[in-house]
Amino acid sequence: MKYLAAALACITLLRSTPSGAEDIGSVDTAFKLLGPNHKIAIEAFDDPDVPGVTCYISRSKTGGISGALGLAEDTSDASIACRQVGPITVPANLKAKDGDNVFSERRSILFKTMQVVRFYDQSRNVLLYLVYSDKLIEGSPKNALTAVPVMPWDIETAPQ
């Protein structure tokens with residue numbers, strides 16, 4: 001009984017670990033009689049190294065009892081859109097070829113994560129953001145890409 005309580009405490013702790021993303025909203029995709037419904041969730045996060053860029057991710061979230069307990073493995077489906085939301089100054093140390101991991105979120109209790117990696121196309125002055133899922137043994141080829149051209153930011157014409 002002590003082991004079961006300890007395991008449930010660990011699961012709760014893992015599920016409550018902040019991902020660094022802000023919940024924007026969600027839509028239900030399938031009704032579940034017990035536990036939360038399956039859904040598509042929308043989250044936003046700011047690039048930690050490039051002020052002025054915000055990324056929005058939509059991803060599936062498994063419901064039901066296993067989803068509520070954090071035991072379900074979410075699918076590798078995800079979509080990403082990043083936008084310039086302020087003036088951008090590209091730091092000199094941005095990685096172009098290998099990319100920088102700017103966001104990650106657990107997709108199962110063990111071994112599966114969703115990653116967002118930033119690349120910089122210096123010749124075109126564009127930031128690229130790639131979202132994909134990986135696993136300890138075998139990752140998924142499902143991915144999505146978005147591009148943010150680094151443009152001058154005019155405070156008078158910026159959206160309010």
Side-chain angles (χ1 to χ4, degrees), residues 10-29 36-63 67 70-160:
C10 288
I11 290 169
T12 303
L13 181 62
L14 283 172
R15 285 191 47 79
S16 65
T17 302
S19 63
E22 174 187 345
D23 287 329
I24 300 297
S26 65
V27 294
D28 292 343
T29 58
N37 294 335
H38 295 319
K39 61 182 63 182
I40 297 173
I42 302 169
E43 300 173 329
F45 71 90
D46 297 325
D47 187 315
D49 302 318
V50 183
V53 176
T54 298
C55 294
Y56 298 89
I57 296 177
S58 66
R59 62 181 188 84
S60 61
K61 288 182 83 170
T62 303
L71 301 174
E73 182 172 314
D74 292 327
T75 67
S76 296
D77 302 310
S79 178
I80 188 168
C82 298
R83 298 294 181 261
Q84 181 174 1
V85 295
I88 296 175
T89 303
V90 178
N93 62 345
L94 281 188
K95 293 181 185 175
K97 296 290 184 204
D98 296 330
D100 283 315
N101 192 321
V102 294
F103 180 81
S104 93
E105 187 171 77
R106 188 176 53 80
R107 303 293 284 151
S108 71
I109 191 163
L110 295 172
F111 309 125
K112 186 175 184 181
T113 58
M114 179 179 65
Q115 310 280 339
V116 177
V117 179
R118 179 198 343 95
F119 297 87
Y120 180 50
D121 181 351
Q122 193 169 11
S123 64
R124 293 170 186 83
N125 203 26
V126 173
L127 296 164
L128 301 160
Y129 295 83
L130 172 70
V131 63
Y132 69 97
S133 288
D134 63 359
K135 271 183 145 177
L136 185 63
I137 303 299
E138 181 180 345
S140 171
K142 293 182 180 182
N143 63 82
L145 181 72
T146 187
V148 179
V150 178
M151 306 291 285
W153 189 260
D154 184 2
I155 194 70
E156 293 177 14
T157 60
Q160 299 296 323

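Only a predicted model underlies this, so the values are computations on that prediction, with no experimental measurement involved.
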What residues, two or more places apart in sequence or in another chain, satisfy salt bridge (charged side-chain N to carboxylate O under 4.0 Å, His left out) together with Asp28? none

How far does CZ of Arg59 sit from OG of Ser26, to the nearest 0.5 angstrom? 10.0 Å

Met114 to Ala78 - nearest heavy-atom pair and separation: SD-CB, 3.8 Å

Closest heavy-atom pair and its distance - Phe45, Ala21: CB-CA, 4.2 Å

Distance, nearest 0.5 Å, that separates CG of Asp49 from CG of Asn93: 7.5 Å

Distance check, rounded to the nearest 0.5 Å: Ile80 atom CD1 versus Cys55 atom SG? 4.5 Å

Any chance you could measure Ser58, atom OG, to Ile24, atom CD1, to the nearest 0.5 Å? 12.0 Å

Got Thr89 and Pro87 here, is their nearest side-chain heavy-atom distance under 4.5 Å? no

Is there side-chain contact between Asp46 and Glu22, with at least one heavy-atom pair below 4.5 Å? no

Tell me, do Tyr120 and Asp100 make a side-chain contact under 4.5 Å, heavy atoms counted? no

Which heavy-atom pair separates Thr146 from Arg83 by the least distance, and what is that distance? OG1-NH1, 3.8 Å

Picking from Leu130, Ile57, Asn101, what satisfies side chain to side chain contact (heavy atoms under 4.5 Å, CB included) with Val116? Ile57

Non-hydrogen side-chain atoms of Val50 and Val148 separated by less than 4.5 Å: no

Smallest separation among heavy atoms of Leu128 and Ala147, with atom names: CD2-CB, 3.6 Å

Are the side chain of Gln115 and the backbone of Asp134 linked by a donor-acceptor contact shorter than 3.5 Å? no

Side-chain heavy-atom pair Asp47, Leu127 within 4.5 angstrom cut-off: no

What is the minimum heavy-atom distance between Ala44 and Thr54, and which atoms define it? CB-CG2, 4.3 Å

Can you confirm whether Arg118 sits close enough to Val53 that some side-chain heavy atom of one is under 4.5 Å from a side-chain heavy atom of the other? no

Can you confirm whether Phe103 sits close enough to Val131 that some side-chain heavy atom of one is under 4.5 Å from a side-chain heavy atom of the other? no

